[in-house]
Amino acid sequence: MADISSRTSAPGGPKPSTALADFASSVVVFLVAIPLCLGIAVASGVPVAMGLVSGIVGGIVVGLLAGSPLQVSGPAAGLAVIVFGFVDRYGLAALGPVLVAAGALQILAGFLRIGSWFRAISPAVVHGMLAGIGILIVLGQIHVLMGSKPAAGGIDNVAAMDESVAALFNHAEPVANAASQAAAAVPASPTAGDTDALPVWMADIFTTEALALMIGVASLLAMIGWEKLRPARLRLVPGALVGVGFGTLLAVVFNLPIARVQLPASLLDGISVPAAADFLRLTEPGIFVTVLVIAVIASAETLLSAAAVDRMHDGVRTRFNRELFAQGVGNGICGMLGALPITGVIVRSSANVQAGAKTRASAVMHGVWVLALVALLPQLLGVVPLTALAAVLLVTGCRLVSLHHVRHLFDHHGWVPVGIWLATVAMIVTQDLLIGVGIGLALSIMEIAPHLRRRLRIESREENGAIALTLDGAATCKDLPALLDTLESLPSNRNVQLVGRDLHFVDHTSAETISDWVKREARAGRKMEFIHPRHGDRHKRLGPLFHRLDAEARA
């Protein structure tokens, strides 16, 4: 695959200004990544060292190979729910072989050049999947916020809510007499499991769970307050870091006996290489299905994140097949090290772009900083309360539920994609992620089924010094790879006339793809003109779509 071996940086290394910008950006991304690596491991129900190892691999290995120059990879909240359910059912030892196999599929997908096909998945399904995962994360982390253990499913977490709330007020074993209980959940340290430093009134009134909740809420308020009120000169200081730092400070000052992050004595102790017998379990149907689910969802989330990052800057575009290859290598290594699956992550990536990164060196350096922290100062992470990390994940989960996107779907595409989004979310939360995504895809195919008999014909020709690009027939998700290849291969210095005179239908996946391309090219200075479809048997949303493209080209 030719694009795997290409490079984005110029020969001879980056310029000094570029190197300085990448260094500064790497520090910002590092500060964003640490609480997320820890929190996602907690949400996945695995030792936090696994999240840190994934962060290191995602930064250094994937950063060196990536096809998206400014995207940053690491453990993702979108896969936490899958990992939690999988580990709960099959055990932690089975996860490594699953990631090795999923990584191999991603590498194969990169070499087969099918990266664009992942972008053909309906946006309603993808955002519905992320929203469903976000709701599951919130339902699970509410229990962690209250010092309790989450269940594996959304309905189970709702059913267990009364029990977690009741524990807040259960004084059968007040905190002053609960040192032995706390010690089971808290690593041995001067700040944990010792209640002598607690004020008497606090020990008499609050249970361990209530103290955990107070720290979690304090972290949550600090994070939200910082993001709303932070000074402009400190805009790059991440709210997640402030929230976790504030919660940790309170827990240390009051010496609270609440559960903290547990790290092995060294990073090598946290690495668990799968045994040969573990790989034989890949023949089990449930485990094999999980391989496919992780490979598909990790790839789709990565490529959608990469497309979003491309919209944030005007530099080198993502090479999607190379990015798939890099992610596959990263997940294979994570599997062999006993770590969590990784994807391209929009939270870290947007922080990277906003901090002024110029090349992939920023992502690589952020991985080096994570490695240095874990190797040199692991005791610093050992004082972080789990409830502070739960607060970070609550915010992350809520942000995955993008009601703005639902409004966008309704305004531009009507009720049908909104219904697909709702069905996907509902089935993920009440049933299973695979069932929810499957139903969403089935509904998407049903939506376009009446139009599949019409082929999309794409013709490009020179006309009056510009390129006339004619679309004829019906543009559906099956035509997206060809449509993307055509749009992205157009010379950058030529004006474009998009002729839709004979278009009959454009589904919302293709419409969003064209819209994203138009907005990006308009920012780059390309002049575009649109010839609207004829009236008659054309779909009723074609007219509004072309009016929207006109407005976006002039914006």
Side-chain angles (χ1 to χ4, degrees), residues 40 43-46 50 54 73-110 112 114-115 117-122 124-137 140 152-154 274 278-279 281-305 324 327-328 330-332 334-335 339-345 400 420 423-445:
I40 290 166
S44 302
V46 303
M50 294 175 64
S54 293
S73 298
L79 292 174
V81 175
I82 300 172
V83 172
F84 188 100
F86 178 84
V87 170
D88 184 66
R89 182 173 181 181
Y90 297 102
L92 190 58
L95 182 60
V98 165
L99 298 192
V100 173
L105 289 180
Q106 289 182 297
I107 292 172
L108 179 62
L112 294 179
I114 61 174
W117 283 102
F118 283 98
R119 297 177 65 188
I121 299 174
S122 164
V125 176
V126 173
H127 287 275
M129 177 192 73
L130 295 176
I133 289 171
I135 292 172
L136 290 176
I137 289 173
D278 296 326
F279 283 92
R281 298 191 64 190
L282 290 173
T283 57
E284 296 179 28
I287 293 181
F288 179 74
V289 168
T290 304
V291 171
L292 298 178
V293 170
I294 288 180
V296 171
I297 291 177
S299 300
E301 187 171 346
T302 292
L303 298 184
L304 286 167
S305 173
L324 271 182
Q327 295 291 330
N331 273 316
C334 285
L340 286 174
I342 57 175
T343 74
V345 187
L400 289 175
I420 294 172
T424 303
V425 172
M427 295 307 295
I428 287 174
V429 173
T430 61
Q431 298 296 322
D432 178 79
L433 188 139
L434 185 60
I435 293 175
V437 172
I439 287 178
L441 291 174
L443 292 174
S444 298
I445 293 172

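Once rounded to the nearest 0.5 Å, the distance linking CD1 of Ile420 with CD1 of Ile445 reads 10.0 Å. To the nearest 0.5 angstrom, Leu108 atom CG is 7.0 Å from Ile114 atom CD1. To the nearest 0.5 Å, atom OG1 of residue Thr424 and atom CG of residue Leu443 are 7.0 Å apart. Rounding to the nearest 0.5 Å gives a distance of 10.0 Å between CD1 of Ile439 and CG of Leu434.
Residues Arg281 and Tyr90 come closest through the heavy atom pair NH1-O, 3.1 Å. The shortest heavy-atom contact between Ile133 and Gly78 is CD1-O, 2.9 Å. Nearest heavy-atom pair, Leu99 versus Gly335, reported as atom, atom and distance to 0.1 Å: CB-CA, 3.7 Å. Among all heavy-atom pairs drawn from Pro97 and Ala94, the shortest one is CD-O, 3.4 Å. Pairing each heavy atom of Leu400 with each of Ala77, the nearest pair is CD1-CB, 4.4 Å. Heavy-atom minimum distance, Gly128 versus Val425: O-CG2, 3.3 Å.
Looking only at side-chain heavy atoms (C-beta outward), Leu433 and Ile297 come within less than 4.5 Å of each other. Proximity of Val87 to Ser44: side-chain heavy atoms (C-beta onward) are nowhere separated by under 4.5 Å. The side-chain heavy atoms of Leu79 and Leu340, taken from C-beta on, include no pair separated by under 4.5 Å. Within the 4.5 Å cutoff, no side-chain heavy atoms of Ser305 are placed close to those of Thr343.
For Gln106, the side-chain hydrogen bond (donor to acceptor under 3.5 Å, both in side chains) test picks out Ser299, Asn331, with sequence neighbours left out. Partners of Ser122 under the side-chain hydrogen bond (donor to acceptor under 3.5 Å, both in side chains) rule, at least two apart in sequence or in another chain, are His508. Scored by the side-chain hydrogen bond (donor to acceptor under 3.5 Å, both in side chains) test, Ser73 finds Gln327 as partners (sequence neighbours excluded).
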Residue pair Leu282, Phe279: steps toward the side chain to side chain contact (heavy atoms under 4.5 Å, CB included) verdict | CA-CA 6 Å; Leu282 290 173; Phe279 283 92; 4.2 Å; yes

Verify side chain to side chain contact (heavy atoms under 4.5 Å, CB included) between Leu324 and Thr302, making sure each step is shown before the conclusion.
-> CA-CA 8 Å; Leu324 271 182; Thr302 292; 5.9 Å; no

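Between the Ser54 side chain and the Met50 main chain, a donor and an acceptor come within less than 3.5 Å of each other.
Considering Ile294, Val296, Val291 as possible partners of Leu105, the one that fulfils the side-chain contact (heavy atoms from CB on, under 4.5 Å) test is Val291.
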